[in-house]
Amino acid sequence: KIMSKKIIAGNWKQNGTLKSSISLAKKVLQAVKKAKYTHEIIIIPPSIFLLPIRDLIHKSQIKLGAQNVSAFSDGAYTGEISGSMLKDSGVDYCLVGHSERRHIINEDESVFSSKVSRLIDSDIRVIYCFGETLNDYKNKKTKLIIKSQLKKLFLNNKNNLKKHPSKLILAYEPVWAIGTGLVPSPEELVSIFKYIRDTVNKLDKKYSPIKILYGGSVTPDNASSLMDTKHLDGLLIGGASLVAKKFIDICSTI
Ligand code: 13P
């Protein structure tokens, strides 16, 4: 395997207070300063806490991610935050396509592709989440669903992604593994990650540097064995990223 930076990203979702978020960021910062990890560490707080956390982690090894972005460029879109505002606020990464936005907020592929465009225009890296539901999984439709989600992403953003393939990171998050304590078996993961890599490479050779993360019930106990999966470049962590010790343990164990 070519030595490339592993990615550990913590998606805090809609959790915490200003005080608890700053305290969590401080603890992660201290650990990162001490350990000097070689991987890319990303924390993804609620948007309203981005700026104070930016000030804390500024000039450190930790990168800042946003959970959401407007599908529109600056203008009359009440309540939205644009890609250029995120960039201006020190954001390096942004999630798009997360299962909670697909299934609870009801966003669809056309919204996601606008968001991907806005982010690439604003020079922010996209962490694009995708994955099958429990029903798809039970009906053995995992690969079919993954293929269709990836095809839509790459087709809708062809020009941008061909020009800037390194601006995209994929995050495979089976919906049934999010917050449930369930994770796919090692065999399933090997087969799925090979499939994702092959599907991406088949679309265009230029896409081969795109990194692929796994997300869904990652803990300090399973992180290192998950990372043994071929073609897997890092982890996207929800619940465990809210507990400083767990997040730091994951960073240390992989
Ligand atoms: P959990 O780690 O809590 O399962 O969440 C995963 C996730 O949705 C990260 O984006």
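The structure displayed is predicted, hence computed values, not measured ones.
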- Message: My understanding is that only residues two or more places apart in sequence, or in another chain, count here; which of them pass salt bridge (Lys or Arg N to Asp or Glu O under 4.0 Å) with Asp221?
- Response: none
- Task: Nearest 0.5 Å please: distance from the NZ atom of Lys163 over to the CD1 atom of Ile120.
- Result: 9.5 Å
- Decide if atom CD1 of Ile48 counts as having more than 12 heavy atoms of other residues, nucleotides or ligands within a radius under 6.0 Å. no
- Query: Charged N to carboxylate O below 4.0 Å: is that the case for Asp204 and Lys162?
  - Reply: yes
- Derivation of the side-chain contact (heavy atoms from CB on, under 4.5 Å) call for Tyr37 and Ser252: CA-CA 8 Å; Tyr37 301 112; Ser252 311; 2.9 Å; yes
- Please report the closest heavy-atom contact between Asn157 and Ser113, naming both atoms and the distance. OD1-O, 3.1 Å
- Task: Ignoring hydrogens and angles, state whether a donor on the side chain of His98 or Gln67 is under 3.5 Å from an acceptor on the partner side chain.
- Result: no
- Could you name each residue pair satisfying salt bridge (Lys or Arg N to Asp or Glu O under 4.0 Å) that touches residues 74-91, not counting sequence neighbours? Lys87-Asp123
- Minimum side-chain heavy-atom gap Phe130-Leu153 below 4.5 Å: no
- Message: Which Ile, Leu, Val, Met, Phe, Trp or Tyr residues join Leu95 in one cluster when any pair of side-chain heavy atoms under 4.5 Å counts as a link?
- Response: Ile7, Ile42, Ile44, Tyr93, Ile127, Ile169, Leu213, Leu236
- Query: For residues 234-246, which residue pairs qualify under salt bridge (Lys or Arg N to Asp or Glu O under 4.0 Å), counting only residues two or more places apart or in two chains?
  - Reply: Lys245-Asp249
- Message: If you compare all heavy atoms of Pro174 against all heavy atoms of Gly215, which two are closest, and at what distance to 0.1 Å?
- Response: CD-O, 3.5 Å
- Message: As a quick check of understanding, evaluate side-chain contact (heavy atoms from CB on, under 4.5 Å) for Ser23 and Lys19, giving each step before the final call.
- Response: CA-CA 6 Å; Ser23 150; Lys19 206 173 155 195; 6.0 Å; no
- Task: For residues Ser122 and Ser84, report the shortest heavy-atom separation together with the two atoms involved.
- Result: OG-N, 3.3 Å
- Query: Are the side chain of His58 and the backbone of Arg54 linked by a donor-acceptor contact shorter than 3.5 Å?
  - Reply: no
- Task: Using the rule that two of Ile, Leu, Val, Met, Phe, Trp, Tyr join whenever any of their side-chain heavy atoms come within less than 4.5 Å, decide whether Leu50 and Leu56 are in one cluster.
- Result: yes
- Task: Please check if the side chain of Thr219 supplies one atom and the backbone of Asn222 the other of a donor-acceptor pair under 3.5 Å.
- Result: yes
- In short, Ser241 meets Leu24 closest at the heavy-atom pair O-CD2, 3.6 Å
- Query: Are any side-chain N or O atoms of Ser191 and backbone N or O atoms of Glu187, one a donor and one an acceptor, separated by less than 3.5 Å?
  - Reply: no
- Query: Are Lys115 and Glu107 close enough for a salt bridge, meaning some N to O gap below 4.0 Å?
  - Reply: yes
- Single-linkage hydrophobic cluster Ile53~Ile124, side-chain heavy atoms < 4.5 angstrom: yes
- Message: What I'd like to find out is whether the side chain of Arg125 reaches to under 4.5 Å of the side chain of Leu168, using heavy atoms alone.
- Response: no
- Candidate pair Glu40 and Lys63, rule side-chain contact (heavy atoms from CB on, under 4.5 Å), full reasoning: CA-CA 7 Å; Glu40 182 94 322; Lys63 296 282 196 289; 3.6 Å; yes
- Message: Strictly distance-based, threshold 3.5 Å: is any side-chain N or O of Tyr214 a donor or acceptor partner for the main-chain N or O of Gly216?
- Response: yes
- Query: Among the clusters formed by ILVMFWY side chains lying less than 4.5 Å apart, do Phe247 and Val32 turn up in the same one?
  - Reply: yes
- Query: Side chains of Val175 and Glu132: closer than 4.5 Å at any heavy-atom pair?
  - Reply: no
- Query: If you measure from OG on Ser73 to CE on Met85, what distance do you get to the nearest 0.5 Å?
  - Reply: 10.5 Å
- Parallel, tilted or perpendicular, as decided by the 30° and 60° cut-offs, for the rings of Tyr77 and Phe72: parallel
- Does any non-hydrogen side-chain atom of Asn68 lie less than 4.5 Å from one of Arg101? yes
- Query: So, Ser114 side chain and Ala71 main chain: donor-acceptor pair closer than 3.5 Å or not?
  - Reply: no
- Note on the structure: Interatomic distance, CE@Met227 vs CG@Leu235, rounded to 0.5 Å, equals 5.5 Å
- Rounded to the nearest 0.5 Å, the CD1 atom of Ile8 sits from the CD1 atom of Ile41 at a distance of 6.5 Å
- Message: Apply side-chain contact (heavy atoms from CB on, under 4.5 Å) to residues Thr133 and Lys138 and explain how you reach the verdict.
- Response: CA-CA 9 Å; Thr133 63; Lys138 281 185 178 160; over 6 Å; no
- Go through the steps for Tyr137 and Glu188 under the test side-chain hydrogen bond (donor to acceptor under 3.5 Å, both in side chains), then give the verdict. CA-CA 11 Å; Tyr137 174 72; Glu188 284 173 321; 2.5 Å; yes
- Looking at side-chain heavy atoms only, is the closest gap between Ile192 and Ile146 below 4.5 Å? yes
- Message: Walk me through whether Arg102 and Glu109 qualify under salt bridge (Lys or Arg N to Asp or Glu O under 4.0 Å).
- Response: CA-CA 9 Å; Arg102 289 176 195 265; Glu109 307 284 347; 3.0 Å; yes
- Before accepting this row, confirm whether a basic side-chain N of the pair Lys202/Asp198 lies closer than 4.0 Å to the acidic partner's carboxylate O. no
- Message: Starting from Ile196, can I reach Val190 by hopping between I/L/V/M/F/W/Y residues whose side chains sit under 4.5 Å apart?
- Response: no
- Hey, does the side chain of Ser217 reach the backbone of Gly181 with a donor-acceptor pair shorter than 3.5 angstrom? yes
- Task: Compare every heavy atom of Val218 with every heavy atom of Ala223, then report the nearest pair and how far apart it is.
- Result: CB-CG1, 4.1 Å
- Among all residues two or more places apart in sequence or in another chain, which pass the side-chain hydrogen bond (donor to acceptor under 3.5 Å, both in side chains) test with Lys147? none
- Can you name the closest pair of heavy atoms from Thr253 and Ser224 and give their distance? OG1-CB, 3.4 Å
- With the 4.5 Å side-chain cut-off for hydrophobic clustering, are Val111 and Val126 part of the same group? no
- Quick check: does any side chain N or O of Asp136 sit under 3.5 Å from a backbone N or O of Lys141, one acting as donor and the other as acceptor? no
- Message: Would the distance check show the side chain of Lys211 and the main-chain N or O of Lys5 forming a donor-acceptor pair, the cut-off being under 3.5 Å?
- Response: yes
- Note on the structure: Here the gap from Leu86 atom CG to Cys94 atom SG, rounded to the nearest 0.5 Å, amounts to 6.0 Å
- Task: State, with a plain yes or no, whether a side-chain heavy atom of Asp121 is found less than 4.5 Å away from one of Asn160.
- Result: yes
- Got Cys129 and Glu173 here, is their nearest side-chain heavy-atom distance under 4.5 Å? yes
- Message: Any non-hydrogen side-chain atom of Pro184 less than 4.5 Å from a side-chain atom of Trp176?
- Response: yes
- Query: side-chain hydrogen bond (donor to acceptor under 3.5 Å, both in side chains): which pairs involve residues 9-18, sequence neighbours left out?
  - Reply: Lys13-Glu100, Thr17-Ser20
- Straight-line distance of Phe49 CZ to Ile22 CD1, nearest 0.5 Å: 8.5 Å
- Are the side chain of Ser89 and the backbone of Val91 linked by a donor-acceptor contact shorter than 3.5 Å? no
- Task: Anything under 30° is parallel, anything over 60° is perpendicular, the rest tilted; go ahead and classify Tyr207 against Phe154.
- Result: tilted
- Query: Would you say Thr229's side chain and Leu226's backbone share a donor-acceptor pair under 3.5 angstrom?
  - Reply: yes
